[in-house]
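Notes follow once the structure below has been shown.
Just follow the structure's listing: the first ligand is 1, and inside any ligand the first atom is 1. Sequential numbering from 1 along the given sequence is applied to the chain's residues. These numbers come from a predicted model, not from an experiment.
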Amino acid sequence: MAPGRVNLIGEHTDYNMGFALPFAIDRSTLLALSPSPSRSIAIASRQMSQKVEIPVEDVASVAPSSWARYPLGVVWALQRRKIEIPGFSALFDSTVPLGSGLSSSASILAATVCALNDLFELGLSRADLIDLCHEAEVEFVGAPVGYLDQIAVLSSHQGYGVLIDFLDLSTTETPLPQETMVIVDSRSPHRNVSGDYAQRRRECEEAAAALGVKSLREATPEQVEAELSGIERLRALHVTTENRRVLEAADRLAHQQPIGDLLNASHVSLRDDFAVSCRELDLICETALELGASGARMIGGGFGGSALVLGLQSDELQPALTTTFSQLNLPVPTAFRASSAEGASRLS
Ligand code: GLA
């Protein structure tokens, strides 16, 4: 079993060596795995019609568009380390909504690597599992993501957030907000493989180069204001202010103080400076704040996906979303409670 995740705060900071504070949620991918006598891998999912059967030595030939690229990417990453995997059959079943910015892909990768590690007694450490999932997603699937999702789904503990420092991938357990947390799936799907994510990443690298630093982690908002202009200034302003918000949030949570204003500032920064929000996500956040939420922001890579709302119940929020989105002829978003859960583990 591997969960999805919600990122409380710290968006697009991971590949800039900054900070983020995610937690695992009680929506998860279940995987049943059994060894097979043949040297082939059979993969099926209760959510996907397409089944894949492929010889162990041929995993790289899976179609680029197939969802099976995620689990097969893990096998590919293991083979690259000269870890041989015999044949197996895998059946996936997931309650993480796909393309909703809740890390459905990282949960498939993590479920696969944990199950293979257990079944074939590979003796991999948690750090190995994180690296293998990351390699599979970046190098095999082709999504140039950072380490946020892999660490969140593999290292979270129920009831806590994980403060991640991406410079050395170290983690610190942090209390979660005491207010109710609600996820709103905008039902406007997001994809990390699409070019926009990669473009933001490039823009951040260009901004760091223009400032003469290795990564934007080393820069401050004041320096960015003074030295950069145009797109580079906007992207770097988001990353440098977001890093400060993450550390401030972790500090406040340690003292049981509210963090709603930090979530709101994060959303504005992602919307205006980083330009990764969209009309649906903005509308969800505005609707929630008008109803009295203490904070709301888009989560994940953006360009669609989900929002996180603090301080409202889902049944207070859903009717207003239904009315607003129906009037605009937009698909009605789905609000549900965000409950924290344990990271990837074996169920039996
Ligand atoms: C996606 C990526 C992560 C991270 C977030 C934005 O979820 O997979 O690595 O960059 O976007 O914070």
Side-chain angles (χ1 to χ4, degrees), residues 2-25 27 29 69-70 73 96-110 130-131 133-156 161-167 169 171 183 185-186 188-205 215-217 235-236 238-243 245-246 249 262-263 266-267 269-271 273-278 281 297-308:
R5 64 103 187 88
V6 156
N7 191 12
L8 197 51
I9 194 155
E11 227 60 88
H12 289 275
T13 48
D14 57 354
Y15 54 82
N16 289 300
M17 307 300 138
F19 303 93
L21 212 178
F23 62 96
I25 54 169
R27 298 284 182 120
T29 298
R69 248 188 129 66
Y70 288 92
V96 188
L98 295 180
S100 58
L102 301 173
S103 279
S104 51
S105 28
S107 76
I108 293 174
L109 293 164
I130 290 170
D131 277 338
C133 291
H134 188 252
E135 280 167 38
E137 187 155 7
V138 174
E139 295 178 50
F140 195 72
V141 176
V145 294
Y147 276 91
L148 168 69
D149 306 339
Q150 293 77 15
I151 297 179
V153 305
L154 280 157
S155 300
S156 288
V162 204
L163 173 64
I164 309 170
D165 181 342
F166 293 101
L167 197 58
L169 303 187
T171 57
I183 298 167
D185 179 358
S186 71
S188 122
H190 102 117
R191 297 204 69 202
N192 292 336
V193 225
S194 77
D196 293 325
Y197 183 93
Q199 187 187 336
R200 292 298 178 284
R201 193 172 174 154
R202 256 193 324 272
E203 289 163 353
C204 290
E205 284 159 9
S215 72
L216 288 178
R217 184 221 181 81
R235 306 300 185 249
H238 165 70
V239 175
T240 50
T241 56
E242 185 81 346
N243 279 333
R245 283 186 287 272
V246 176
L262 297 173
L263 264 66
S266 171
H267 185 77
S269 176
L270 286 159
R271 184 191 67 198
D273 293 345
F274 216 67
V276 289
S277 188
C278 62
L281 290 169
R297 71 172 203 89
M298 56 149 281
I299 53 172
F303 311 106
S306 297
L308 175 68

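Looking at residues two or more places apart in sequence or on another chain, you find a side chain to side chain donor-acceptor pair (under 3.5 Å) between Tyr15 and His12. Under the rule for a side chain to side chain donor-acceptor pair (under 3.5 Å), Arg271 has no partner lying at least two apart in sequence or in another chain.
For the pair Arg235 (side chain) and Arg202 (backbone), a donor-acceptor distance under 3.5 Å is absent.
In this structure, Tyr70 and Leu109 have side chains that are in contact, with non-hydrogen atoms separated by less than 4.5 Å. Looking at heavy atoms from C-beta onward, Tyr147 lies in side-chain contact with Leu169 at the 4.5 angstrom threshold.
At a 3.5 angstrom cut-off on N or O pairs, His12 counts as close to ligand 1. The shortest N/O to N/O separation between Asp149 and ligand 1 falls below 3.5 Å.
Here the straight-line distance linking atom CG of Asn7 with atom CZ of Phe23 works out to 9.0 Å at 0.5 Å rounding.
Atom numbering of ligand 1 starts at 1 in the shown order; those under 4.0 Å from a heavy atom of Gly146 are 9 (O). Set against the non-hydrogen atoms of Asp14, the atoms of ligand 1 under 4.0 Å away are 3 (C), 4 (C), 9 (O), 10 (O). Residue-ligand proximity, Val145 to ligand 1, at heavy-atom distances under 4.0 Å covers atoms 2 (C), 8 (O), 9 (O). For ligand 1, the atoms lying closer than 4.0 Å to a non-hydrogen atom of Tyr15 are 10 (O).
Residue-level proximity to ligand 1 for Arg5 is carried by the side chain, the only part with a heavy atom below 4.0 angstrom.
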